[in-house]
Amino acid sequence: VLLHDEVKQAFTEHRSVVCHDAKPFMRSLMADGIDLSFLTLDTAIAAYLINPSKSSYSLASVCGEFLGAEPTGSMESDGTFDFGGTDISAQSCAEAAVFVSRLAPVVLAGLADIHNESLYADIENPLVHVLAKMESAGIAVDTAALLSIKDRLTAETQELTQLLHSIAGKTFNVNSPTQLREILYTDRGLAPGKKTKTGFSTDAATLEKLHDQWPEFIGPLLRYREVEKLRSTYGEGLLHEIAPDGRIHATFNQTVARTGRLSSDQPNLHNIPVRSDEGKVFRTAFVAPKGCSLLVADYNQIELRCIAHLANDPGLISAFAAGEDIHNATAARVFGVALGEVTADQRSKAKMVSYGLAYGMEAYGLSQRLSIGVDEASVILKAYFEAFPNVKKYMDDAIVEARRTGYTETLFGRRRQIPELLSDNFRVRQAGERQAMNAAIQGLAADIFKIALVRIDKLLTEKDFLSRVVLQVHDEVIVEVPDSEKEVVGPLILDTMRGAADLSVPFEVNAAWGDTWASAKG
DNA sequence: GCGATCAGCC
DNA sequence: TTTAATGCTGATCGCA
């Protein structure tokens, strides 16, 4: 309190601030009404751009790497101020500051070496402030709705537990793979499927295969797994994260994902269920406050569009340019039928290939996904690459280039080192090849999305809108919009997303309004 | 405390 | 020949 004015003055008057991991610090200043808007360098993020594959970007580890020396004091970097005035904290803060100032020129030179100055200055640096605002804003939650969802799930897990105990003829911990193993493979004597490091697997794919051998047990078990996941992770988990203001303030990490994507924790809002109707109800608990609506806008097929552009594949480009249903158009080409003759089965297979494509999928993976034989999957993949030869060439070239240079690069210069390509281990090397194919694609999509996010925030701020971005999920942005601003802000967001980059294919953005995240998703 | 297993999303 | 999807986070178990 005593230092408040001095702090405010220091961070509003100085036109340049260098910081290591600025976002928590920005957030804590924001809570005090201080807007740290003159960040010029975040040394943690610079270190991440130079090599995004490190497990830690703590001040100590980055100093260790770039300076060959680490601060000796222990300074917690939770972004809060310690005005306790102990000599130890003052000492270690001072020491940290000295290290950050030594670090700055070194990481700046590192950015220059890999031509990442504008990736940093135009995208990552402004993004810090945008994310700090998103985290501070949080998203409103309907606690009562969440409680009732959780209660319903809890009742069902209890019933299922009883049922499973009675069928097994003993009580056991249904959550324990070890105890399940004993019941399935020892007591019941089922023929085990695949193995894990510690024994036979009990995962869903394995249980599906065993289902017919003991349906009255395995059926409820699969159901239990599903319900318990929802109950514990999303029911209990989300309830614990609701702040006193009735909102969830997740953290969006800018130095975690090796592809350039953001990640989310405390809680992770990037994996809220959407595929099953039952899981999707959790999205009804994410709401717009009174007088506001949620705008949910997401890029349609952004990674496939990135592939079309990067591979410069005429088939994909013309399908996107014509605004065709891309999976339908893909299926028509792959299976050699007319656009109107594509069956639902062909479309779904083409869709799975397209999704898998970005992940460097091989025949085996596709066969698992589609529940077909490996040979049939190979035929489909082969047909795909014949229909889209430039895509095949792009993937092959990506591996060769990454092996030659040791890294991949996105259109915006985001690098990812892939040392796995040189591994003696076949399995590791193959994983490296998949990463080499995937990194430039997923990374480009991430670059584009970040550009859109920064521009959206800039527009909303400059024009003094009350609308604010409250959440992002990789290719989707959720904006809380006062009803009076809907007509103006809606088109503004969509235009900004569509114009975030200029590729050889257009971007399509789906948008929906709603009172909750679920209804908006339609 | 930590690795392993499982499962949610893009 | 091998293995068996990119990238994440979290709940839980069970051993240390």
Side-chain angles (χ1 to χ4, degrees), chain A residues 52-53 172-181 194-207 221-222 224-238 240-241 250-253 255-276 278-280 282-283 298-299 301-304 306-307 352-370 374 377 381 395 398 408 416 418 423-443 445-446 449 472-476:
Chain A
S53 302
F172 65 101
N173 185 344
V174 190
N175 288 330
S176 163
T178 311
Q179 295 178 38
L180 270 175
R181 222 171 264 152
K194 68 178 177 188
K195 275 188 292 193
T196 66
K197 282 182 183 173
T198 57
F200 296 115
S201 175
T202 68
D203 68 11
T206 304
L207 293 177
L221 174 57
L222 286 165
Y224 174 88
R225 280 262 175 84
E226 194 180 345
V227 177
E228 171 63 7
K229 172 76 177 183
L230 297 175
R231 185 200 66 78
S232 62
T233 303
Y234 304 107
E236 298 284 359
L238 291 177
H240 285 129
E241 299 291 349
T251 305
F252 296 97
N253 305 301
T255 58
V256 173
R258 286 171 292 190
T259 52
R261 275 187 173 181
L262 299 174
S263 76
S264 161
D265 64 6
Q266 287 186 299
N268 181 359
L269 295 182
H270 285 169
N271 68 347
I272 304 301
V274 67
R275 289 169 195 174
S276 73
E278 220 170 4
K280 210 192 282 187
F282 282 102
R283 296 186 177 222
D298 70 294
Y299 282 107
Q301 302 292 343
I302 190 167
E303 290 189 356
L304 260 189
C306 289
I307 292 174
M352 208 51 84
V353 175
S354 295
Y355 274 115
L357 203 63
Y359 305 151
M361 180 180 58
E362 282 156 16
Y364 180 85
L366 182 64
S367 74
Q368 294 295 298
R369 284 280 157 158
L370 291 174
V374 179
L381 268 184
M395 297 292 182
T408 66
R416 174 176 178 184
I418 308 187
S423 169
D424 293 333
N425 183 316
F426 175 82
R427 193 178 154 284
V428 173
R429 209 163 55 239
Q430 288 246 312
E433 292 179 358
R434 288 194 294 272
Q435 289 161 10
M437 291 187 275
N438 171 259
I441 300 164
Q442 197 178 108
F449 187 83
Q472 70 79 224
V473 190
H474 304 309
D475 60 0
E476 169 180 345

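Every chain is numbered from 1, with letters handed out A, B, ... down the list of sequences. Everything numeric here is computed off the predicted structure, so don't read it as measured data.
- With a cutoff of under 4.0 Å to any heavy atom of chain A, the contacted region of DNA chain C is bounded 5' to 3' by C/dT2 to C/dG14.
- Map A/Arg416 and A/Gln266 each onto its nearest nucleotide of DNA chain C; the residue landing nearer the 5' end is A/Arg416.
- Contacts between residues 361-370 of chain A and DNA chain C, counted as heavy-atom distances below 4.0 Å, involve A/Met361, A/Tyr364, A/Arg369.
- Heavy-atom nearest nucleotides on DNA chain C were determined for A/Asn438 and for A/Arg429, and the one closer to the 5' end corresponds to A/Arg429.
- Residue pairs satisfying the salt bridge (Lys or Arg N to Asp or Glu O under 4.0 Å) criterion with at least one member in residues 259-271 of chain A, sequence neighbours excluded, are listed as follows: A/Arg261-A/Glu303.
- By the side-chain contact (heavy atoms from CB on, under 4.5 Å) test, A/Lys194 pairs with A/Ser201, A/Asp203, A/Thr206, sequence neighbours left out.
- Take A/Thr233 and apply the side-chain contact (heavy atoms from CB on, under 4.5 Å) test, not counting sequence neighbours, and it matches A/Lys229.
- Every side-chain contact (heavy atoms from CB on, under 4.5 Å) that A/Arg225 has, sequence neighbours left out, goes to A/Leu180, A/Thr202, A/Leu207.
- Phosphate contact (OP1/OP2 of B/dG8, side-chain N/O of A/Lys229, threshold under 4.0 Å): absent.
- Within 4.0 Å (heavy atoms only), A/Arg434 reaches sugar-phosphate atoms of the nucleic acid but no base atom.
- Separation of atoms CD1 (A/Ile441) and CE (A/Met395) is listed at 4.0 Å; rounding is to 0.5 Å.
- Phosphate contact (OP1/OP2 of B/dC9, side-chain N/O of A/Arg275, threshold under 4.0 Å): present.
- Side-chain nitrogen and oxygen atoms of A/Thr196 include at least one within less than 4.0 Å of the OP1 or OP2 phosphate oxygen of B/dT5.
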